[in-house]
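Dropping the structure in here first, questions after.
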Amino acid sequence: MRFMTSSDKADHAPEDAPAEAATGVAAQDWATASAEPQYRAAVVDLLGALAYGELAAFERLAEDAKLAPTLADKAELAKMASAEFHHFEQLRDRLREIGEEPTGAMEPFVAALDGFHRQTAPSDWLEGLVKAYVGDSIASDFYREVAARLDADTRGLVLGVLDDTGHASFAVEKVRAAIDAEPRVGGRLALWARRLMGEALSQSQRVVADRDALSTMLVGGVADGFDLAEVGRMFSRITEAHTKRMAALGLAA
């Protein structure tokens, strides 16, 4: 989980997410928006969570490469891992630019994210692919929703680091091929994906609840943040997007 990381933009963004014209903070640049201390704290938390998620994704992909059945698959995952590390570097550098120490910004999210990965360690190559595709995509959907309410500079950075590393199409191709070759695999992977969905949503909600600035941004109170009803609609859109991704994998949601 980026609090989980990268996704395919076309496949993973909830299709009915709000597409209204930018207003409030969303119409401002960082210099203007960051004058509000609570908004600044929320963005530092967001960038810290994303940065550690990208670093963890790099490590996970490098580990997953060891399970790859072919040299071509191993090389493909190594390329994706490199892209994730580049995303981490962009976030790290941005934190430094705004006067924040990257390690300090990431530290509050280490225990939660490491715990998620311990609880959802894949047992084989296919489970690893599904985990990256499902878990990372849920996180990316969440970040895209939040990005709509960020200042223009931060929004551009967040959306940039969510760019597709190629993992989405790679995972879909490999998982569908495995199910075609052995249909029984589908049932096991569907159960695994449902577990990942539950863990990912629970973990993201816990992380946000533990960070006052982030939770305030979501429920309102920082400029034009979400209200409670919108938070509910947001998670509904994320759940719907998950169902579509499961169908793309050839799995029942």
Side-chain angles (χ1 to χ4, degrees), residues 1-14 17-59 61 80-110 113 136-168 204 207-208 211 213-218 222-226 234 238:
M1 177 169 114
R2 268 189 183 97
F3 325 151
M4 315 154 300
T5 118
S6 283
S7 72
D8 180 276
K9 189 177 298 182
D11 288 347
H12 294 218
E20 59 222 32
T23 59
V25 168
Q28 298 175 6
D29 61 12
W30 168 252
T32 303
S34 62
E36 167 55 56
Q38 196 169 31
Y39 175 77
R40 180 187 174 90
V43 169
V44 171
D45 274 350
L46 188 67
L47 297 182
L50 261 173
Y52 189 68
E54 295 289 352
L55 187 60
F58 161 74
E59 293 178 321
L61 285 169
M80 294 173 195
S82 177
E84 299 288 14
F85 190 77
H86 178 60
H87 290 162
F88 161 74
E89 291 178 314
Q90 290 177 282
L91 292 158
R92 177 201 63 195
D93 293 348
R94 178 59 177 165
L95 283 164
R96 288 174 176 166
E97 285 172 11
I98 64 175
E100 299 291 335
E101 203 284 306
T103 301
M106 291 188 290
E107 189 61 40
F109 306 99
V110 171
L113 300 184
D136 289 357
S137 300
I138 293 167
S140 293
D141 287 348
F142 173 79
Y143 288 128
R144 289 185 192 285
E145 293 272 1
V146 174
R149 305 301 179 98
L150 298 173
D151 65 273
D153 298 322
T154 304
R155 182 169 64 251
L157 172 64
V158 169
L159 293 178
V161 299
L162 296 178
D163 277 348
D164 181 26
T165 62
H167 210 148
S204 62
V207 169
V208 170
R211 306 299 296 176
L214 273 180
S215 60
T216 301
M217 175 186 281
L218 286 174
V222 175
D224 55 344
F226 296 112
M234 177 187 73
I238 290 172

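Treat the numbers as computed from the prediction; the structure is a model and nothing was measured.
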Any side-chain heavy-atom pair from Phe85 and Leu55 closer than 4.5 angstrom?
-> yes
Lys/Arg-Asp/Glu bridge criterion (N-O < 4.0 Å) met for Arg92, Glu101 | no
Taking the side chain from Thr32 and the backbone from Gln28, do they hold a donor-acceptor pair closer than 3.5 Å?
-> no
Interatomic distance, Leu61 atom CG to Glu59 atom CD [nearest 0.5 angstrom] |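 One finds 10.5 Å between CG of Leu61 and CD of Glu59.
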Return the minimal non-hydrogen interatomic distance between Pro108 and Ala105, and the atom names on each side.
-> CD-O, 3.4 Å
Would you say the side chain of Asp29 lies within less than 4.5 Å of the side chain of Asp151, judging by non-hydrogen atoms?
-> no
CD of Glu54 to CD of Glu84: how many Å apart, nearest 0.5 Å?
-> 4.5 Å
Compare all side-chain heavy atoms of Leu150 with those of Tyr39 and state whether any distance is below 4.5 angstrom.
->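 A side-chain contact exists here, since the closest heavy-atom pair is under 4.5 Å.
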Check the pair Arg149 / Val25 against side-chain contact (heavy atoms from CB on, under 4.5 Å), numbers first and verdict last.
-> CA-CA 7 Å; Arg149 305 301 179 98; Val25 168; over 6 Å; no
At their closest point, which heavy atom of Arg155 faces which heavy atom of Ala147, and how far apart are they?
-> CD-O, 3.0 Å
Sole residue of Thr154, Leu46, Val43, Val158 in side chain to side chain contact (heavy atoms under 4.5 Å, CB included) with Val146 = Leu46
Using the ring of Trp30 (Phe, Tyr or Trp, six-membered ring only), decide whether Arg94 places NZ or CZ under 6.0 Å from its centre and within 45 degrees of its axis.
-> yes
Interatomic distance, Phe88 atom CZ to Met106 atom CE [nearest 0.5 angstrom] =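 So the gap between those two atoms works out to 4.5 Å.
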List the steps and the verdict of side-chain contact (heavy atoms from CB on, under 4.5 Å) for Asp45 and Phe109.
-> CA-CA 9 Å; Asp45 274 350; Phe109 306 99; 3.9 Å; yes
Return the minimal non-hydrogen interatomic distance between Ala148 and Ala26, and the atom names on each side.
->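 Minimum heavy-atom contact is O-CB, 3.5 Å.
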Starting at CG of Leu157, measure out to CG of Leu50 and round the result to the nearest 0.5 Å.
-> 8.0 Å
Can you tell me how far the CD1 atom of Ile238 sits from the CD1 atom of Ile138, to the nearest 0.5 Å?
-> 8.0 Å
Side chains of His87 and Phe58: closer than 4.5 Å at any heavy-atom pair?
->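 Contact flag for His87/Phe58 side chains = no.
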From CG (Leu162) to CZ (Arg144), nearest 0.5 Å |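 Reported value, rounded in 0.5 Å steps: 4.5 Å.
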